[in-house]
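My structure is below; once you've seen it, I'll send some questions.
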Amino acid sequence: MILEQLYKNDISRPLNPAVSVTDNNESTVKVEIEEYVFTDEILNGLFHVLNAVRNRRVSHSGIWINGYYGSGKSHFLKYLNFCLVPEHREQALNRMLDAVEHDFDPLTKQASKLEPTLADFRDLVEWLKKADIDTVLFNIGDKIGDDTNSRTTFAKAIWEEFNGFRGYHKFSIALAQYLEKPLQDKGKYQAFKNALAEDGFDWDKEAETLAITELDYVMDKAAEVADFSTDVIREQIARNAVDATPEKLSEELKKYVSTKGENYRLLFFIDEVSQFIGSRQELLLQMQQIVTTIAKDCDKKVWVGCTAQQDLSEVLDTCRITDTSDQYGKILGRFETRVALQGTNTEYITQKRILDKDEDGVAELGKLYDRKRTAIESQFDLPTGYRKYATKEDFINYYPFVPYQFQLIMNVFDAFVALSYVDTEVKGNERSVLKITHKTAQDHKNEQVGQLISFDMMFSSMFAAGLKHDGQRAIKNANAIVATYEDKAFGQRVVNLLFMLCNISDKDKLLFPATLDNIVTLMMTEIDQNKLELKEKIEKVLVYLVENSVVRVQSKEGKADVYCFLTEEESEVNRLIISQNPNASRKCIEGYIWKIYYRKQP
């Protein structure tokens, strides 16, 4: 059996860790619901928001969802939306309820940190399935662009999206309010479209052009089918004369929800709000005013949910609103329902999303564990704080990876960001780990069961291609030197590993130094690998790299030697010293070789 056959989901499938709230492609939505990984944090957050929307026992109807870049907040927002909209509600809620019942019920799972009980979830789900709920979901940056009018930016965006939700056009609030809405109220909107179609025009596709170039014609057609005067509204539409203030928006929303039942809710979900606001205080105050007015006028049946990379208090600080001002407390109070996604379950989410096994895979790995248990338990000599396989279940879940690799690769990503070797978005977050794990698993899908994915293999083509100029420079010399080594492929693996391990932060190096024993453990590709043979093979590469000024050895009495990856500048200096004093350098290298090969001799 090969590794590809172990997985529950096709390892070759496309996997986009960066969720877009505006991507409603059927296949995308299917994956986002079926492969969503629940954690205590996520379930608590979903319940907190959904229950607040249900019972309305809050002062204001603002929702604030924050999490750092790559923490999964957009996917959380989208799944929240799936739980509410009729076309996906049944499937999304059933998946959520199934996760609570089988994996997180605090009454049966002692380790669960779930705050609501299974009964609480069941009660909530029962109400949601009967409720009348609509949602409007959009990214504010995509919607607004550079329009940052301090009075109307957010109100205008919400109003335009609300018009689109109602079947009107978004490009002109005046056109929707003074023409399309009255036509619909009179039951003549479709007749108006049909009248235009008889003349060869498609209103759904050509409204913007017709409103600009043929407005008189459009007005005449409206008057024909609906029998109302267009003299006044023509001028208003031409000037797009709608004062899109929070108050006017709230009036429009109040009229809409007044025609609905007691269990009706309308939610506007706005993605990436804090990035759009930045330090512009007036925009944050405008959003506060919208939430305040809507909550008062609409009896908390209309909600505004925002996602952000920052906690709301951090946004307030950025906007120079101090905690001693009246506005500080008011804004916090408007967004009373808050969820903070810390992304602390990256290892678990990656395992469930990428490495979950099917029944045959579980059985095959169970037998493998039973046969190789001694080797599995003894092979991984890791520093404190880095996990090896703890149990048979652990082995089945994470194989062919080893749990420590996810923590270590996050350390590498964070260090590479600090060194400007990669873009800041690549830092050790859920999104980055998902991408690198998926790519590495794909690269080695044809290996036989029993093989391990070693840590150096995570330096894949995707990782290498993502290096910025500084990162490429840092490894360029090492790549050139190792290309002349007798076993180029193996030598390159050692270089890749050293490049990652030797560049983690100084703090992380104290826990996981680049010693020979650690390098051996990180490069194992077989469960019952002969570590002595692997060690000797690695030592030969290290000698070659030291000799060619790629790495240096840092020795401390009483401690194992630690290898350091030389920068481009350090390599040049080292080569210069050697070229000027060949006898000294030769003695140094000979002494190092003697130390490597004869350290075990009496």
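Heads up: numbering here begins at 1 and tracks the sequence. For clarity, every value in this text was computed on a predicted model and none was experimentally measured.
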With sequence neighbours left out, write down each residue that passes salt bridge (charged side-chain N to carboxylate O under 4.0 Å, His left out) with E32, or none if nothing qualifies.
K78

Within a strict 4.5 Å, meaning less than it, do heavy atoms of the D561 and L516 side chains meet?
no

Between Q492 and N479, is any side-chain donor less than 3.5 angstrom from a side-chain acceptor?
yes

Measure across I396 and K357 and return the closest heavy-atom pair with its distance rounded to 0.1 Å.
O-NZ, 2.8 Å

Hey, are the side chains of V550 and F565 touching, using non-hydrogen atoms and a 4.5 Å cut-off?
yes

So, using salt bridge (charged side-chain N to carboxylate O under 4.0 Å, His left out) as the criterion, who are the partners of D470 when residues are at least two apart?
none

Which residues pass the salt bridge (charged side-chain N to carboxylate O under 4.0 Å, His left out) test with K531, sequence neighbours left out?
none

Which heavy atom of Y7 sits nearest to which heavy atom of A441, and what is that distance?
OH-CB, 4.1 Å

Can the ring centres of Y36 and F38 be said to be less than 6.0 Å apart?
yes

Taking D370 first and then K392, would you say they form a salt bridge - that is, a charged N and a carboxylate O separated by under 4.0 Å?
yes

Between F455 and Y404, how do the two ring planes meet: parallel, tilted or perpendicular, split at 30° and 60°?
tilted

Polar side chain donor-acceptor pair, Y398 to E347, under 3.5 angstrom:
yes

If the threshold is 4.0 Å, N to carboxylate O, is there a salt bridge linking D381 and K388?
no

Sub-6.0 Å ring centroid separation between F416 and F499:
yes

Could you verify whether a donor N or O on one side chain and an acceptor N or O on the other, from S27 and N25, lie under 3.5 Å apart?
yes

Determine whether the aromatic ring centres of F512 and Y386 lie less than 6.0 Å apart.
yes

Would you call D394-R387 a salt bridge at under 4.0 Å N-O?
yes

Side chains of H102 and D98: is there a donor and an acceptor less than 3.5 Å apart?
yes

So is R95 actually on top of F82's ring, under 6.0 Å and inside 45° of the axis?
no

Counting the benzene-type ring for Trp, do Y389 and F395 have ring centres under 6.0 Å apart?
yes

M524 and side chain to side chain contact (heavy atoms under 4.5 Å, CB included): which partner among I453, N530, L534?
L534

I'd like to know if the side chain of Y399 and the backbone of G450 have a donor-acceptor N/O pair within less than 3.5 Å.
yes

Side chain to side chain contact (heavy atoms under 4.5 Å, CB included) evaluation trace for N44 with L114:
CA-CA 6 Å; N44 282 330; L114 205 61; 3.4 Å; yes

Can you tell me how far the OG1 atom of T318 sits from the CZ atom of R280, to the nearest 0.5 Å?
12.5 Å

With a 4.0 Å cut-off, would you call K109 and D105 a salt bridge?
no

V482 and side chain to side chain contact (heavy atoms under 4.5 Å, CB included): which partner among N496, V495, N477, D487?
V495

Verdict with supporting geometry, I376 and R373, side chain to side chain contact (heavy atoms under 4.5 Å, CB included)
CA-CA 5 Å; I376 292 169; R373 179 173 180 174; 5.7 Å; no

Indicate whether the side chain of Q407 and that of N411 have a donor and an acceptor atom separated by less than 3.5 Å.
no

